[in-house]
There are 2 protein chains.
Amino acid sequence: MPSKPSDITMDAVYTKPGYLFRRMQQIAVSIFVEECREFDLTPVQYAALVAIQNHPGIDATRLSAVIAFDRSTLGSVIERLEAKGHIERKPSAEDKRVKLLYLTKAGATQLRNILPSVDRAQARMLAPLKAADRKTLLALLGQLVDLNNEVSRVPLRAEDALEHLGRTG
Amino acid sequence: MPSKPSDITMDAVYTKPGYLFRRMQQIAVSIFVEECREFDLTPVQYAALVAIQNHPGIDATRLSAVIAFDRSTLGSVIERLEAKGHIERKPSAEDKRVKLLYLTKAGATQLRNILPSVDRAQARMLAPLKAADRKTLLALLGQLVDLNNEVSRVPLRAEDALEHLGRTG
DNA sequence: ATCAAATTGGCAGTATACTGTCAATCAAGA
DNA sequence: TCTTGATTGACAGTATACTGCCAATTTGAT
(Lines give C-alpha, C1' and ligand atoms only; values in the text may rest on other atoms or scores of the structure.)
Protein backbone atom coordinates (compact mmCIF):
# COMPACT_ATOMS: atom_id res chain seq x y z
CA MET A 1 0.00 0.00 0.00
CA PRO A 2 1.34 3.44 -0.89
CA SER A 3 1.50 5.83 2.01
CA LYS A 4 -1.46 8.08 2.74
CA PRO A 5 -1.19 11.81 3.37
CA SER A 6 -1.74 11.12 7.05
CA ASP A 7 -2.59 8.43 9.53
CA ILE A 8 -6.28 9.13 9.08
CA THR A 9 -7.66 6.68 6.54
CA MET A 10 -11.23 6.21 5.36
CA ASP A 11 -11.54 3.48 7.95
CA ALA A 12 -11.86 6.35 10.41
CA VAL A 13 -15.28 6.67 8.80
CA TYR A 14 -16.35 3.39 7.20
CA THR A 15 -15.93 1.04 10.15
CA LYS A 16 -17.45 3.35 12.76
CA PRO A 17 -20.97 3.01 14.14
CA GLY A 18 -21.89 6.61 13.31
CA TYR A 19 -21.26 6.10 9.62
CA LEU A 20 -22.96 2.70 9.54
CA PHE A 21 -26.07 4.02 11.26
CA ARG A 22 -26.34 6.92 8.83
CA ARG A 23 -25.81 4.67 5.84
CA MET A 24 -28.32 2.09 7.05
CA GLN A 25 -30.90 4.80 7.67
CA GLN A 26 -30.40 6.07 4.11
CA ILE A 27 -30.89 2.55 2.77
CA ALA A 28 -33.93 1.87 4.96
CA VAL A 29 -35.71 5.04 3.87
CA SER A 30 -34.85 4.32 0.25
CA ILE A 31 -36.40 0.85 0.47
CA PHE A 32 -39.48 2.12 2.30
CA VAL A 33 -40.16 4.84 -0.23
CA GLU A 34 -39.66 2.45 -3.12
CA GLU A 35 -42.06 -0.17 -1.75
CA CYS A 36 -44.68 2.37 -0.67
CA ARG A 37 -44.46 4.72 -3.63
CA GLU A 38 -48.07 4.24 -4.70
CA PHE A 39 -49.34 5.32 -1.27
CA ASP A 40 -47.36 8.54 -1.08
CA LEU A 41 -46.42 8.08 2.59
CA THR A 42 -42.98 8.56 4.14
CA PRO A 43 -41.73 6.41 7.03
CA VAL A 44 -42.37 9.25 9.46
CA GLN A 45 -45.87 9.87 8.16
CA TYR A 46 -46.60 6.16 8.45
CA ALA A 47 -45.43 6.08 12.06
CA ALA A 48 -47.57 9.12 12.84
CA LEU A 49 -50.67 7.52 11.33
CA VAL A 50 -50.15 4.33 13.34
CA ALA A 51 -49.73 6.32 16.54
CA ILE A 52 -52.81 8.45 15.91
CA GLN A 53 -54.89 5.38 15.18
CA ASN A 54 -53.70 3.86 18.45
CA HIS A 55 -54.28 7.06 20.38
CA PRO A 56 -57.18 8.97 18.83
CA GLY A 57 -57.43 12.46 20.24
CA ILE A 58 -53.74 12.67 21.05
CA ASP A 59 -52.15 16.11 20.83
CA ALA A 60 -49.00 17.02 18.93
CA THR A 61 -46.69 17.16 21.94
CA ARG A 62 -47.72 13.72 23.15
CA LEU A 63 -47.54 12.34 19.65
CA SER A 64 -43.95 13.51 19.42
CA ALA A 65 -43.18 11.53 22.59
CA VAL A 66 -44.92 8.40 21.30
CA ILE A 67 -42.98 8.21 18.05
CA ALA A 68 -39.86 10.00 19.30
CA PHE A 69 -39.64 12.88 16.97
CA ASP A 70 -39.10 16.48 17.42
CA ARG A 71 -42.12 18.67 18.06
CA SER A 72 -40.81 21.28 15.64
CA THR A 73 -40.57 18.69 12.88
CA LEU A 74 -43.91 17.20 13.75
CA GLY A 75 -45.78 20.41 12.95
CA SER A 76 -45.07 20.14 9.24
CA VAL A 77 -45.63 16.38 9.23
CA ILE A 78 -49.11 16.92 10.69
CA GLU A 79 -49.78 19.67 8.17
CA ARG A 80 -48.96 17.35 5.29
CA LEU A 81 -51.06 14.51 6.68
CA GLU A 82 -53.94 16.94 7.12
CA ALA A 83 -53.51 18.29 3.59
CA LYS A 84 -53.69 14.74 2.24
CA GLY A 85 -56.93 14.23 4.17
CA HIS A 86 -55.53 11.44 6.33
CA ILE A 87 -56.04 13.18 9.67
CA GLU A 88 -58.16 15.90 11.27
CA ARG A 89 -57.20 18.51 13.86
CA LYS A 90 -59.90 19.51 16.36
CA PRO A 91 -59.55 22.07 19.14
CA SER A 92 -59.77 20.68 22.66
CA ALA A 93 -62.65 21.76 24.86
CA GLU A 94 -60.65 21.66 28.08
CA ASP A 95 -57.43 23.31 26.90
CA LYS A 96 -57.58 26.08 24.34
CA ARG A 97 -53.91 25.56 23.44
CA VAL A 98 -54.09 22.00 22.17
CA LYS A 99 -55.40 20.56 18.95
CA LEU A 100 -56.47 16.94 19.08
CA LEU A 101 -55.58 14.59 16.25
CA TYR A 102 -57.88 12.01 14.69
CA LEU A 103 -57.60 9.67 11.74
CA THR A 104 -60.14 10.28 8.99
CA LYS A 105 -61.89 7.36 7.30
CA ALA A 106 -59.62 7.91 4.31
CA GLY A 107 -56.58 7.88 6.58
CA ALA A 108 -57.64 4.64 8.24
CA THR A 109 -58.16 3.07 4.82
CA GLN A 110 -54.79 4.28 3.59
CA LEU A 111 -53.12 2.87 6.69
CA ARG A 112 -54.82 -0.50 6.25
CA ASN A 113 -53.86 -0.64 2.58
CA ILE A 114 -50.24 0.29 3.02
CA LEU A 115 -49.46 -2.41 5.60
CA PRO A 116 -48.43 -5.15 3.15
CA SER A 117 -46.01 -2.77 1.42
CA VAL A 118 -44.56 -1.68 4.76
CA ASP A 119 -44.05 -5.32 5.72
CA ARG A 120 -42.30 -5.98 2.44
CA ALA A 121 -40.07 -2.95 2.99
CA GLN A 122 -39.15 -3.99 6.52
CA ALA A 123 -38.35 -7.50 5.31
CA ARG A 124 -36.19 -6.22 2.46
CA MET A 125 -34.04 -4.13 4.78
CA LEU A 126 -32.77 -7.23 6.58
CA ALA A 127 -33.16 -9.66 3.69
CA PRO A 128 -29.44 -9.96 2.87
CA LEU A 129 -28.74 -11.45 6.30
CA LYS A 130 -29.31 -15.01 7.42
CA ALA A 131 -32.40 -15.53 9.57
CA ALA A 132 -30.39 -16.00 12.76
CA ASP A 133 -28.38 -12.85 12.07
CA ARG A 134 -31.52 -10.84 11.40
CA LYS A 135 -32.83 -11.84 14.80
CA THR A 136 -29.55 -11.03 16.52
CA LEU A 137 -29.25 -7.64 14.84
CA LEU A 138 -32.82 -6.65 15.65
CA ALA A 139 -32.40 -7.70 19.27
CA LEU A 140 -29.14 -5.82 19.76
CA LEU A 141 -30.43 -2.75 17.97
CA GLY A 142 -33.58 -2.78 20.08
CA GLN A 143 -31.51 -2.99 23.24
CA LEU A 144 -29.17 -0.23 22.15
CA VAL A 145 -31.96 2.16 21.19
CA ASP A 146 -33.67 1.47 24.49
CA LEU A 147 -30.53 1.92 26.56
CA ASN A 148 -29.66 5.15 24.72
CA ASN A 149 -33.21 6.44 24.89
CA GLU A 150 -32.50 9.43 27.09
CA VAL A 151 -29.68 10.70 24.88
CA SER A 152 -31.67 12.19 22.03
CA ARG A 153 -33.66 15.37 22.25
CA VAL A 154 -36.95 13.54 22.16
CA PRO A 155 -36.75 10.32 24.17
CA LEU A 156 -39.44 7.78 23.46
CA ARG A 157 -42.23 8.04 26.01
CA ALA A 158 -44.57 5.40 24.76
CA GLU A 159 -47.91 4.64 26.36
CA ASP A 160 -47.01 6.04 29.76
CA ALA A 161 -46.99 9.51 28.30
CA LEU A 162 -50.69 9.12 27.66
CA GLU A 163 -51.99 7.98 31.02
CA HIS A 164 -53.85 11.19 31.63
CA LEU A 165 -56.01 10.52 28.59
CA GLY A 166 -57.69 7.85 30.67
CA ARG A 167 -58.31 5.55 27.77
CA THR A 168 -56.61 3.11 25.49
CA GLY A 169 -58.78 3.65 22.46
CA MET B 1 -55.17 -5.59 28.15
CA PRO B 2 -58.03 -3.38 26.94
CA SER B 3 -58.82 -3.72 23.28
CA LYS B 4 -57.21 -1.34 20.79
CA PRO B 5 -59.07 0.50 18.04
CA SER B 6 -57.61 -1.96 15.55
CA ASP B 7 -55.18 -4.78 15.16
CA ILE B 8 -52.40 -2.32 14.37
CA THR B 9 -50.50 -1.66 17.57
CA MET B 10 -47.42 0.47 18.12
CA ASP B 11 -45.37 -2.69 17.76
CA ALA B 12 -46.03 -2.25 14.05
CA VAL B 13 -43.52 0.57 14.47
CA TYR B 14 -41.33 0.00 17.54
CA THR B 15 -40.05 -3.49 16.77
CA LYS B 16 -39.36 -2.93 13.08
CA PRO B 17 -35.92 -2.31 11.59
CA GLY B 18 -36.99 0.90 9.85
CA TYR B 19 -37.94 2.55 13.12
CA LEU B 20 -34.89 1.27 14.97
CA PHE B 21 -32.51 2.52 12.27
CA ARG B 22 -34.10 5.97 12.29
CA ARG B 23 -34.03 6.14 16.07
CA MET B 24 -30.43 4.98 16.28
CA GLN B 25 -29.38 7.53 13.66
CA GLN B 26 -31.05 10.27 15.73
CA ILE B 27 -29.21 9.11 18.83
CA ALA B 28 -25.87 8.79 17.03
CA VAL B 29 -26.03 12.30 15.59
CA SER B 30 -27.07 13.67 18.95
CA ILE B 31 -24.05 12.07 20.64
CA PHE B 32 -21.67 13.21 17.90
CA VAL B 33 -22.84 16.81 18.05
CA GLU B 34 -22.64 16.83 21.83
CA GLU B 35 -19.09 15.47 21.95
CA CYS B 36 -17.84 17.66 19.10
CA ARG B 37 -19.67 20.86 19.96
CA GLU B 38 -16.52 22.93 20.43
CA PHE B 39 -15.32 22.09 16.91
CA ASP B 40 -18.54 23.07 15.13
CA LEU B 41 -18.47 20.08 12.77
CA THR B 42 -21.38 17.80 11.92
CA PRO B 43 -20.93 14.07 11.23
CA VAL B 44 -21.29 14.67 7.52
CA GLN B 45 -18.80 17.52 7.50
CA TYR B 46 -16.34 15.37 9.43
CA ALA B 47 -16.67 12.53 6.90
CA ALA B 48 -16.14 14.98 4.05
CA LEU B 49 -12.97 16.38 5.64
CA VAL B 50 -11.55 12.88 6.15
CA ALA B 51 -12.29 11.97 2.53
CA ILE B 52 -10.77 15.15 1.15
CA GLN B 53 -7.64 14.65 3.22
CA ASN B 54 -7.35 11.13 1.85
CA HIS B 55 -8.04 12.24 -1.71
CA PRO B 56 -6.72 15.75 -2.18
CA GLY B 57 -7.92 17.21 -5.47
CA ILE B 58 -11.06 15.09 -5.54
CA ASP B 59 -14.10 16.64 -7.20
CA ALA B 60 -17.60 16.87 -5.74
CA THR B 61 -19.09 14.01 -7.73
CA ARG B 62 -16.36 11.59 -6.71
CA LEU B 63 -16.48 12.80 -3.13
CA SER B 64 -20.18 11.97 -3.04
CA ALA B 65 -19.32 8.40 -4.11
CA VAL B 66 -16.58 8.06 -1.51
CA ILE B 67 -18.74 9.01 1.45
CA ALA B 68 -22.04 7.88 -0.05
CA PHE B 69 -24.03 11.01 -0.01
CA ASP B 70 -26.12 12.75 -2.46
CA ARG B 71 -24.42 15.17 -4.84
CA SER B 72 -27.25 17.65 -4.35
CA THR B 73 -26.73 17.64 -0.60
CA LEU B 74 -22.98 17.75 -0.94
CA GLY B 75 -23.05 21.15 -2.62
CA SER B 76 -24.18 22.93 0.51
CA VAL B 77 -21.90 20.84 2.72
CA ILE B 78 -18.91 21.94 0.64
CA GLU B 79 -20.09 25.53 0.75
CA ARG B 80 -20.20 25.46 4.54
CA LEU B 81 -16.79 23.83 4.83
CA GLU B 82 -15.40 26.45 2.49
CA ALA B 83 -17.03 29.26 4.45
CA LYS B 84 -15.43 27.93 7.62
CA GLY B 85 -12.07 27.97 5.88
CA HIS B 86 -11.55 24.21 6.19
CA ILE B 87 -11.34 23.51 2.45
CA GLU B 88 -10.52 25.24 -0.83
CA ARG B 89 -12.13 24.84 -4.24
CA LYS B 90 -9.85 25.22 -7.26
CA PRO B 91 -10.87 24.97 -10.90
CA SER B 92 -9.40 22.02 -12.81
CA ALA B 93 -7.02 22.71 -15.69
CA GLU B 94 -8.13 19.73 -17.74
CA ASP B 95 -11.88 19.95 -17.27
CA LYS B 96 -13.55 23.32 -17.03
CA ARG B 97 -16.61 21.79 -15.36
CA VAL B 98 -15.00 20.44 -12.23
CA LYS B 99 -13.79 22.13 -9.10
CA LEU B 100 -11.10 20.30 -7.16
CA LEU B 101 -11.26 20.12 -3.38
CA TYR B 102 -8.32 20.55 -1.02
CA LEU B 103 -7.97 20.76 2.74
CA THR B 104 -6.57 24.03 4.02
CA LYS B 105 -3.99 24.07 6.79
CA ALA B 106 -6.73 25.18 9.15
CA GLY B 107 -8.92 22.32 7.97
CA ALA B 108 -6.17 19.77 8.53
CA THR B 109 -5.59 21.13 12.01
CA GLN B 110 -9.29 21.04 12.82
CA LEU B 111 -9.49 17.46 11.60
CA ARG B 112 -6.52 16.42 13.72
CA ASN B 113 -7.92 18.13 16.78
CA ILE B 114 -11.42 16.73 16.54
CA LEU B 115 -10.34 13.08 16.36
CA PRO B 116 -10.37 12.36 20.11
CA SER B 117 -13.89 13.77 20.39
CA VAL B 118 -15.05 11.72 17.43
CA ASP B 119 -13.60 8.60 19.03
CA ARG B 120 -15.39 9.38 22.27
CA ALA B 121 -18.65 9.88 20.39
CA GLN B 122 -18.31 6.61 18.47
CA ALA B 123 -17.56 4.78 21.70
CA ARG B 124 -20.54 6.31 23.50
CA MET B 125 -22.97 5.17 20.82
CA LEU B 126 -22.28 1.51 21.59
CA ALA B 127 -21.29 1.96 25.23
CA PRO B 128 -24.51 0.51 26.71
CA LEU B 129 -23.78 -2.89 25.12
CA LYS B 130 -21.39 -5.54 26.37
CA ALA B 131 -18.11 -5.72 24.46
CA ALA B 132 -19.05 -8.93 22.67
CA ASP B 133 -22.39 -7.50 21.63
CA ARG B 134 -20.77 -4.32 20.34
CA LYS B 135 -18.55 -6.42 18.12
CA THR B 136 -21.45 -8.52 16.89
CA LEU B 137 -23.63 -5.51 16.13
CA LEU B 138 -20.87 -3.70 14.25
CA ALA B 139 -20.08 -6.79 12.20
CA LEU B 140 -23.71 -7.46 11.26
CA LEU B 141 -24.36 -3.81 10.50
CA GLY B 142 -21.25 -3.63 8.35
CA GLN B 143 -22.36 -6.69 6.41
CA LEU B 144 -25.88 -5.40 5.97
CA VAL B 145 -24.79 -1.98 4.74
CA ASP B 146 -22.40 -3.63 2.33
CA LEU B 147 -24.94 -6.11 1.00
CA ASN B 148 -27.55 -3.36 0.59
CA ASN B 149 -25.06 -0.97 -0.95
CA GLU B 150 -26.72 -0.77 -4.36
CA VAL B 151 -30.12 0.04 -2.94
CA SER B 152 -29.65 3.67 -2.00
CA ARG B 153 -29.45 6.51 -4.46
CA VAL B 154 -25.73 6.96 -3.89
CA PRO B 155 -24.01 3.60 -3.43
CA LEU B 156 -20.62 3.72 -1.79
CA ARG B 157 -17.87 3.65 -4.42
CA ALA B 158 -14.83 3.87 -2.27
CA GLU B 159 -11.31 3.96 -3.62
CA ASP B 160 -12.16 2.29 -6.92
CA ALA B 161 -14.10 5.36 -7.95
CA LEU B 162 -10.84 7.25 -7.90
CA GLU B 163 -8.59 5.06 -9.97
CA HIS B 164 -8.41 7.57 -12.77
CA LEU B 165 -6.77 10.02 -10.43
CA GLY B 166 -3.71 7.81 -10.62
CA ARG B 167 -2.63 8.44 -7.09
CA THR B 168 -3.49 7.61 -3.51
CA GLY B 169 -2.40 10.86 -1.98
C1' DA C 1 -56.47 36.43 43.50
C1' DT C 2 -52.23 37.00 41.47
C1' DC C 3 -47.88 36.24 39.83
C1' DA C 4 -44.31 32.90 38.30
C1' DA C 5 -43.40 28.75 35.95
C1' DA C 6 -44.55 25.33 32.75
C1' DT C 7 -46.96 23.83 28.60
C1' DT C 8 -48.59 24.08 23.78
C1' DG C 9 -48.24 25.14 19.14
C1' DG C 10 -46.07 27.98 15.88
C1' DC C 11 -42.20 30.14 13.65
C1' DA C 12 -37.35 31.28 12.02
C1' DG C 13 -33.03 29.46 11.04
C1' DT C 14 -29.64 25.70 10.01
C1' DA C 15 -28.32 21.04 8.18
C1' DT C 16 -28.98 16.75 6.02
C1' DA C 17 -31.27 13.98 2.17
C1' DC C 18 -33.93 13.20 -1.78
C1' DT C 19 -36.17 14.15 -6.83
C1' DG C 20 -35.87 16.41 -10.79
C1' DT C 21 -34.12 19.96 -14.01
C1' DC C 22 -30.75 22.79 -16.36
C1' DA C 23 -26.60 24.80 -18.81
C1' DA C 24 -21.93 24.17 -19.68
C1' DT C 25 -18.78 21.04 -20.98
C1' DC C 26 -16.63 16.89 -22.46
C1' DA C 27 -16.37 12.35 -24.93
C1' DA C 28 -17.49 9.13 -28.56
C1' DG C 29 -19.33 7.80 -32.77
C1' DA C 30 -21.14 8.55 -37.45
C1' DT D 1 -16.69 17.62 -38.02
C1' DC D 2 -20.88 17.31 -36.10
C1' DT D 3 -24.02 15.43 -33.31
C1' DT D 4 -25.50 12.55 -29.66
C1' DG D 5 -24.98 11.21 -25.11
C1' DA D 6 -22.80 11.50 -20.65
C1' DT D 7 -20.89 14.22 -16.95
C1' DT D 8 -20.44 18.14 -13.72
C1' DG D 9 -22.05 21.49 -10.78
C1' DA D 10 -25.88 24.32 -9.69
C1' DC D 11 -30.54 25.07 -8.53
C1' DA D 12 -35.62 24.50 -7.16
C1' DG D 13 -38.65 21.95 -4.48
C1' DT D 14 -39.98 18.58 -0.75
C1' DA D 15 -39.23 16.17 3.76
C1' DT D 16 -37.04 15.13 7.93
C1' DA D 17 -34.37 16.85 12.20
C1' DC D 18 -32.44 20.06 15.25
C1' DT D 19 -31.90 24.83 18.16
C1' DG D 20 -33.97 28.51 19.87
C1' DC D 21 -37.66 31.85 20.36
C1' DC D 22 -42.45 33.50 20.98
C1' DA D 23 -47.48 34.34 22.43
C1' DA D 24 -51.35 32.27 24.38
C1' DT D 25 -52.74 29.59 27.89
C1' DT D 26 -52.79 26.73 31.90
C1' DT D 27 -51.10 25.43 36.41
C1' DG D 28 -49.04 26.06 40.93
C1' DA D 29 -47.39 28.61 44.66
C1' DT D 30 -48.21 32.29 47.53
Side-chain angles (χ1 to χ4, degrees), chain A residues 18-19 21-34 37 40-48 58-65 67-84 89 91-101 151-154 161 164, chain B residues 18-19 21-34 37 40-48 58-65 67-84 89 91-101 151-154 161 164:
Chain A
Y19 175 79
F21 290 137
R22 179 177 70 79
R23 193 80 186 93
M24 198 54 229
Q25 160 72 359
Q26 275 183 335
I27 291 166
V29 171
S30 179
I31 291 175
F32 187 103
V33 169
E34 197 178 313
R37 191 177 304 281
D40 187 33
L41 276 184
T42 67
V44 168
Q45 290 166 11
Y46 163 75
I58 196 174
D59 62 85
T61 295
R62 251 159 283 276
L63 179 58
S64 91
I67 47 185
F69 32 103
D70 200 87
R71 249 190 355 178
S72 298
T73 305
L74 198 54
S76 54
V77 175
I78 288 174
E79 249 176 37
R80 281 185 281 274
L81 285 176
E82 200 179 17
K84 289 179 190 173
R89 249 192 293 202
S92 164
E94 303 127 28
D95 191 330
K96 288 176 196 168
R97 293 170 305 177
V98 314
K99 296 178 181 174
L100 307 179
L101 303 172
V151 170
S152 66
R153 185 188 185 189
V154 187
H164 77 290
Chain B
Y19 175 79
F21 290 137
R22 178 177 72 78
R23 192 81 185 91
M24 198 56 229
Q25 160 71 358
Q26 274 183 338
I27 291 165
V29 171
S30 179
I31 291 175
F32 187 104
V33 169
E34 198 178 312
R37 191 176 304 281
D40 188 31
L41 276 184
T42 66
V44 168
Q45 290 168 9
Y46 163 75
I58 196 174
D59 63 86
T61 296
R62 252 158 282 276
L63 179 58
S64 90
I67 45 183
F69 38 101
D70 200 86
R71 250 190 353 178
S72 299
T73 305
L74 196 55
S76 54
V77 176
I78 288 174
E79 250 176 39
R80 281 185 281 275
L81 286 175
E82 200 180 17
K84 289 179 192 175
R89 251 191 294 202
S92 164
E94 303 127 31
D95 191 330
K96 288 176 195 167
R97 292 169 306 178
V98 313
K99 296 180 181 173
L100 307 179
L101 303 172
V151 171
S152 66
R153 184 187 186 189
V154 188
H164 79 289

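Lettering of chains follows the sequences in order, A, B, ..., and the numbering in each one begins at 1.
For A:Q26 and C:dT16, the shortest distance from a side-chain N or O to OP1 or OP2 is not below 4.0 Å. Between B:R71 and the phosphate of D:dG9, there is no side-chain N or O to OP1/OP2 separation shorter than 4.0 Å. Between A:K96 and C:dT8 there is no side-chain polar atom (N or O) within less than 4.0 angstrom of OP1 or OP2. For B:Q25 and C:dT16, the shortest distance from a side-chain N or O to OP1 or OP2 is not below 4.0 Å. Phosphate proximity of D:dG20 to A:S72: absent, as no side-chain N or O sits under 4.0 Å from OP1 or OP2. Within the 4.0 Å cut-off from OP1 or OP2 of C:dG9, not a single side-chain nitrogen or oxygen of A:R89 is found. Side-chain N/O atoms of B:S30 include none lying less than 4.0 angstrom from OP1 or OP2 on D:dC18. Within the structure, a side-chain polar atom (N or O) of A:R22 is placed less than 4.0 Å from OP1 or OP2 of C:dA17. For the pair B:T61 and D:dG9, the criterion of a side-chain N or O lying under 4.0 Å from OP1 or OP2 is met. Taking 4.0 angstrom as the limit, B:R97 places none of its side-chain polar atoms (N or O) nearer than this to OP1 or OP2 of C:dA23.
Closest heavy-atom contact between B:L74 and B:F69: CD1-CE1, 3.1 Å. Scanning all heavy atoms of the two residues, the minimum distance from A:I67 to A:A48 falls at CD1-CA, 3.8 Å. For A:R71 against A:S64, the heavy-atom pair with the smallest separation is CG-OG, 3.8 Å. Pairing each heavy atom of A:S72 with each of A:D70, the nearest pair is N-OD2, 2.9 Å. Minimum heavy-atom separation, A:L101 to A:D59: CD1-C, 4.4 Å.
Atom pair B:L63:CG and D:dT7:P shows a separation of 18 Å (rounding to whole Å applied). Straight-line distance from the CZ atom of A:R62 to the P atom of C:dG9: 8 Å, rounded to whole Å. Atom pair B:L101:CG and D:dG9:C1' shows a separation of 11 Å (rounding to whole Å applied). One can place CG of B:D59 at 20 Å from P of C:dA24, the figure rounded to the nearest angstrom. When rounded to the nearest whole Å, the span between NZ of B:K84 and C1' of C:dT14 equals 10 Å. Between B:D70 atom CG and D:dG13 atom C1' there is a gap of 13 Å when expressed in whole angstrom units. One can place CZ of A:F21 at 15 Å from P of C:dA17, the figure rounded to the nearest angstrom. The interatomic distance linking B:M24 (CE) with D:dT16 (P) rounds to 22 Å, in whole Å.
Along DNA chain C, the nucleotide nearest A:E79 and the nucleotide nearest A:V98 are compared for position; the residue whose nucleotide lies closer to the 5' end is A:V98. Between A:D95 and A:V77, the residue anchored closer to the 5' end of DNA chain D is A:V77, taking for each the nucleotide with the nearest heavy atom.
Nucleic acid contact class of B:V33 (heavy atoms, under 4.0 Å, all strands): none. Across all strands shown, A:T73 has heavy atoms under 4.0 Å from base atoms, whether or not it also approaches the sugar-phosphate. Residue B:V29 is out of contact with every strand shown, counting any heavy-atom pair closer than 4.0 Å.
Listed nucleotides: C:dA15, D:dA17, D:dG9. Nearest to the side chain of B:K99: D:dG9.
Remark: side-chain polar atoms of B:Q26 are paired, donor with acceptor, to backbone N or O of A:A68 under 3.5 angstrom.
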